[in-house]
Protein chains: 2
Amino acid sequence: MNKGISKAVIRRMPRYYRYLGELLENGVERISSGELSERMQVTASQIRQDLNNFGGFGQQGYGYNVQFLYDEIGKILGLTEVHNVALFGVGNLGQAIANYVSSEKLPFHMIGLFDVDEKKKGRIVSGIPVMMLDEFEDFNRTHRVDIAVLTLPKDAAMPVAEHLVDLGVRAFWNFAHVDLKVPKGVVVENVHLSESLMQLSYNMTGR
Amino acid sequence: MNKGISKAVIRRMPRYYRYLGELLENGVERISSGELSERMQVTASQIRQDLNNFGGFGQQGYGYNVQFLYDEIGKILGLTEVHNVALFGVGNLGQAIANYVSSEKLPFHMIGLFDVDEKKKGRIVSGIPVMMLDEFEDFNRTHRVDIAVLTLPKDAAMPVAEHLVDLGVRAFWNFAHVDLKVPKGVVVENVHLSESLMQLSYNMTGR
DNA sequence: TAGATTGTTAATCGATTAACAATC
DNA sequence: TAGATTGTTAATCGATTAACAATC
């Protein structure tokens with residue numbers, strides 16, 4: 001299952017989740033696709049189509065129960081289990097991301113920080129001591145690492161990723177400016193800050 | 001001009017730019033859409049279509065001159081002028097982004113850092129002293145701020161953005177987990193880390 | 001029941017790919 | 001010139017929107 005759902009739909013799901021979470025905080029119990037459509041600035045039709053990729057979560061004449069829908073989307077997004085995260089490259093960005101992951105209330109758990117710079121060894125970031133990259137193989141024997149964050153210089157990203165794939169890592173959150181080549185079954189989510197900045201820059205021109 | 005070009009095309013331009021930059025570093029002088037297609041894993045047809053939204057940069061029987069195409073895409077993306085950047089919210093992420101912007105060789109120039117926390121006042125980040133938010137109005141009189149980076153808690157983002165819009169800021173790079181409502185003519189580029197993480201999480205499930 | 005709103009099919013719109021004539 | 005490869009039109013594919021019957 002879960003097959004054949006377009007990337008466009010998946011990109012929208014976290015946003016639904018965020019809006020439903022806010023409604024929940026505000027004590028809203030039910031919402032129609034029409035109301036949600038107005039708040040989110042998308043068509044009601046799209047909301048109903050998107051949700052119906054995963055199942056019929058609403059009720060005719062009533063709409064959607066906010067708590068129920070929120071929970072269902074959480075399940076769809078895989079937020080019902082804790083994901084163990086290890087981070088590679090404890091520079092400025094790496095430290096910020098480590099802190100960020102730990103501070104978010106999402107079920108992602110920072111369990112290890114790795115770098116190649118001896119000077120960083122043992123430094124505490126977000127409550128965790130930095131380890132050396134060559135200690136990871138050992139670490140990996142006693143810890144299940146679900147996600148590797150790559151906050152490395154671009155030339156280091158690919159070799160490190162390859163090494164981690166060999167050691168069984170199956171998911172990467174990649175901040176390096178490269179397109180990682182990984183085997184089938186390994187997933188990569190990119191955050192390319194420079195490309196985001198360039199898009200902003202483009203939109204500032206003529207338009 | 002520049003009108004009517006789809007967001008999908010714009011999203012791909014920075015990636016072309018990156019690949020062309022690498023070719024340039026490797027001393028490659030010319031490339032055909034076919035070769036580039038293979039490297040980038042997109043169709044040659046798409047490359048030609050994308051580029052021809054902006055003009056005919058190639059030559060039949062030859063392909064594209066790498067340096068020329070690189071420069072043209074740079075122009076399209078607005079990378080021929082320096083953009084002054086001010087950042088709001090000097091937390092972990094804010095500091096990392098400040099450092100990031102300064103370290104990138106792209107033409108974005110960090111000129112001010114603002115926070116509301118008195119304890120941060122005067123602290124030097126990326127070579128710039130942190131100022132208090134209420135000093136911005138003054139600062140803005142003597143400096144041209146092209147882009148405001150928002151690395152603030154979500155509840156602070158909207159009020160601060162509104163204030164900045166009133167003071168003439170026309171572009172936002174938004175890291176807060178909110179959809180900013182801004183007047184027409186003001187551009188917003190979002191980096192929603194939590195949504196990126198959730199997409200990764202989704203792709204780790206069934207698929 | 002009558003009114004509201006979903007789930008779903010059909011229609012439209014836009015983006016991607018294929019094909020090929022133009023041309024270097 | 002012959003070969004290569006673009007620019008561009010046409011065909012296909014996919015995603016979004018509209019419409020409405022089903023149903024709570």
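Proteins come first, then strands; the chains are lettered A, B, ... in the order of their sequence lines, and each starts at number 1. These numbers come from a predicted model, not from an experiment. All heavy atoms count here, side chains included; hydrogens, waters and symmetry mates do not.
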Any A:Glu195 side-chain heavy atom under 4.5 Å of B:Arg12 side chain: no

[X] [atom1] to [Y] [atom2] distance, which is reported to the nearest 0.5 Å:
| X | Y | atom1 | atom2 | answer |
| --- | --- | --- | --- | --- |
| A:Leu197 | A:Leu193 | CG | CG | 7.5 Å |
| A:Leu106 | A:Leu79 | CG | CG | 6.0 Å |
| A:Glu189 | A:Ile147 | CD | CD1 | 10.0 Å |

How are the rings of B:His192 and B:His177 set to each other: parallel, tilted or perpendicular (split at 30° and 60°)?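 Because their plane-to-plane angle is over 60°, the rings of B:His192 and B:His177 count as perpendicular.
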
Aromatic plane relationship, A:Phe139 with A:Phe114 - under 30° parallel, 30 to 60° tilted, over 60° perpendicular: perpendicular

If a pair satisfies side-chain hydrogen bond (donor to acceptor under 3.5 Å, both in side chains) and one of its residues is in residues 75-96 of chain A, list it, with sequence neighbours excluded.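 Counting only pairs at least two positions apart or across chains, the side-chain hydrogen bond (donor to acceptor under 3.5 Å, both in side chains) contacts touching residues 75-96 of chain A are A:Glu72-A:Lys75, A:His83-B:Ser201, A:Asn92-B:Asn99.
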
Can you give me every donor-acceptor pair (side chain of residues 51-61 of chain A, partner residue at least two apart or in another chain, under 3.5 Å) with its distance?
residue: A:Asn53; atom: ND2; partner: A:Gln49; partner atom: O; Å: 3.2
residue: A:Asn53; atom: ND2; partner: A:Asp50; partner atom: O; Å: 3.2

Scan residues 148-174 of chain A for pairs that pass ring pair (Phe, Tyr, Trp, His ring centres under 6.0 Å), counting only residues two or more places apart or in two chains.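 Those involving residues 148-174 of chain A are A:Trp173-A:Phe175.
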
Reading 5' to 3' and counting Watson-Crick or G-U wobble pairs with both distances under 3.5 Å, write the dot-bracket notation for DNA chain C, | for bases paired outside the strand. ..||||||||||||||||||||||

DNA chain D: 5'-most and 3'-most nucleotides touching chain A, 4.0 angstrom heavy-atom criterion: D:dA15 to D:dC24

Pick the closest DNA chain D nucleotide for B:Tyr64 and for A:Gly61 by heavy atoms, then say which residue is nearer the 5' end.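 So the residue in question is B:Tyr64.
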
With sugar-phosphate meaning primed atoms plus P, OP1 and OP2, does B:Thr43 contact a base, only sugar-phosphate, or nothing at under 4.0 Å between heavy atoms?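 The residue B:Thr43 makes sugar-phosphate contact but no base contact.
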
Nearest-nucleotide 5' precedence on DNA chain C, A:Gln59 against B:Gln60: A:Gln59

Go through residues 27-36 of chain B and report each residue with a non-hydrogen atom lying under 4.0 Å from DNA chain C, sorted by number.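 Heavy-atom cutoff 4.0 Å gives no residues at all.
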
Could you tell me if A:Ser37 and A:Thr43 have a donor-acceptor pair between their side chains, going purely by distance under 3.5 Å?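 Distance-only check fails for A:Thr43 and A:Ser37.
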
